[in-house]
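Chain A is the first sequence line, chain B the second, and so forth, proteins listed ahead of strands; every chain is numbered from 1. The basis for the numbers below is simple: all heavy atoms, side chains too, and nothing from hydrogens, waters or symmetry mates.
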Protein chains: 2
Amino acid sequence: MSRPGGRTGRIRRQVLDAVRAELVEHGYDALSVDAVATRAGVHRTTVYRRWRDVGGLLADVFDTAGDDAWQPADTGSLLGDLLALNDQILAALTERPPATMALIAASFRSEDAARALGRFWEDRYARCEPIVGRAVERGEVPPGTLARPLLICATAPLYHRLALMRLPAEPGLAAMAARTAALAASTGAFTAPEPGFTAPEPGDI
Amino acid sequence: MSRPGGRTGRIRRQVLDAVRAELVEHGYDALSVDAVATRAGVHRTTVYRRWRDVGGLLADVFDTAGDDAWQPADTGSLLGDLLALNDQILAALTERPPATMALIAASFRSEDAARALGRFWEDRYARCEPIVGRAVERGEVPPGTLARPLLICATAPLYHRLALMRLPAEPGLAAMAARTAALAASTGAFTAPEPGFTAPEPGDI
């Protein structure tokens, strides 16, 4: 699917804006290709042909969300970078209207949407890996520190509380999660475990 | 609602077993009071009167799940306790049929179910707090270590990967999350932050 300007790109933007607006205003149950087409002012045949169904529309919303040039902030320290990242995640999970939460909820309704959300998050975490590379270069964490578990440790508590437990953000939650991850990383918690330490066998998947 | 034996307790068990079975086999969309009543062999009027609707049924499934005597294992070390806890969470999130995942997904469909799942998790984390108390007593972590953020740090990466990103468990994920939390806790990462460290203001909610 082509992205940039021109009629194709304009139609795509109109349609995906309509998906997000319908989802936030009326929820997944009211989401339909016809409602999206009407709201977007685009012929329904066009929408069916290009996106097939609600799952295809949602998947494209996630894919478009990843079509940006987003990079994590480079604040000069691991803790600063993780604090900035968590501030952004907190803002997304508590935004009004709750577009991000509506998309997460929709991912439990559609396999296509679930896969697309997984791709989106994978891509975001991949873009965050330089945070850890910079921390290694600065000597803040040991060489061999694994980026992904460090980033998950820093961010997962926010998702756990806001997206799964559906509780309000506690003051300091984002900061404490960032601080914990940075401190743990500095003590070598995210270097590959010594052989024999963890339960899994070499052949485990 | 009374719990133990007798006709009332038996009917409740039959009905809630039917909710879980219907949910796992046919999904939330096919879940209805009538289908549950039929499967349970209970008169539909009884089900409507006691549970009102699908949300009420799901909420009671979560509430019943918390009606057990579950306690976290006491293995003699903080790391051992967290490893045992994560093994149980991993088993629940990957069980076949995927009853736990179906219940989590359903919590995105019903406010009643979401609140009941939140209560269930709150209760589980409260029961896990002695893990941290024992670690303080053994001198493994500093006095003043906060139980909840430590427990969330240890467990959230599993939920993040399996329940939100819907990715398969990586080998060692459960062990690494437990190890990270234990190591971070030993260095004082979960004691209340010094005043002025975190961004939030005293009035923040």
Taking atom CD as the centre, does A/E111 end up with more than 12 heavy-atom neighbours from other residues, nucleotides or ligands that are less than 6.0 angstrom away? no
Let me know if A/R109 has heavy atoms under 4.5 Å from chain B in its side chain, its backbone, both or neither. side chain
Looking at B/D87, B/T187, B/L117, B/L150, which one has more heavy-atom pairs under 4.5 Å with chain A than the rest? B/T187
Which heavy atom of A/A156 sits nearest to which heavy atom of B/H160, and what is that distance? CB-CB, 3.9 Å
Nearest atoms (heavy-atom pairs only) where B/A189 meets A/R179: O-NH2, 3.1 Å
So what's closer than 4.5 Å to chain A heavy atoms on B/P168: side chain, backbone, both or neither? neither
Carefully, step by step, assess A/E170 and B/R148 under the rule side chain to side chain contact (heavy atoms under 4.5 Å, CB included). CA-CA 12 Å; A/E170 297 163 311; B/R148 202 56 68 95; 5.5 Å; no
Kindly give the heavy-atom pair with the smallest separation between A/C153 and B/T180, and that separation in Å. SG-CG2, 4.0 Å
What part of B/D29 lies closer than 4.5 angstrom to a heavy atom of chain A: side chain, backbone, both or neither? side chain
Are there more than 12 heavy atoms of other residues, nucleotides or ligands under 6.0 Å from atom NE2 of A/H43? no
Among A/L167, A/L164, A/L183, which has the most heavy-atom pairs under 4.5 Å with chain B? A/L164
Comparing A/A163, A/A177, A/S107, A/G118 against chain B, the one with the most heavy-atom pairs below 4.5 Å turns out to be A/S107
Dump the intermediate steps for side chain to side chain contact (heavy atoms under 4.5 Å, CB included) on B/R161 and A/W121, then the final yes or no. CA-CA 10 Å; B/R161 184 169 181 90; A/W121 270 331; over 6 Å; no
Any side-chain heavy-atom pair of A/Y159 and B/M165 under 4.5 Å: no
Please give me the minimum heavy-atom distance between A/T191 and B/M176, naming the atom from each residue. O-CE, 4.1 Å
Heavy-atom closest pair (A/R166 atom, B/A114 atom, distance to 0.1 Å) is NH1-CB, 3.7 Å
So which of B/Y28, B/F190, B/F120 has the largest heavy-atom pair count under 4.5 angstrom toward chain A? B/F190
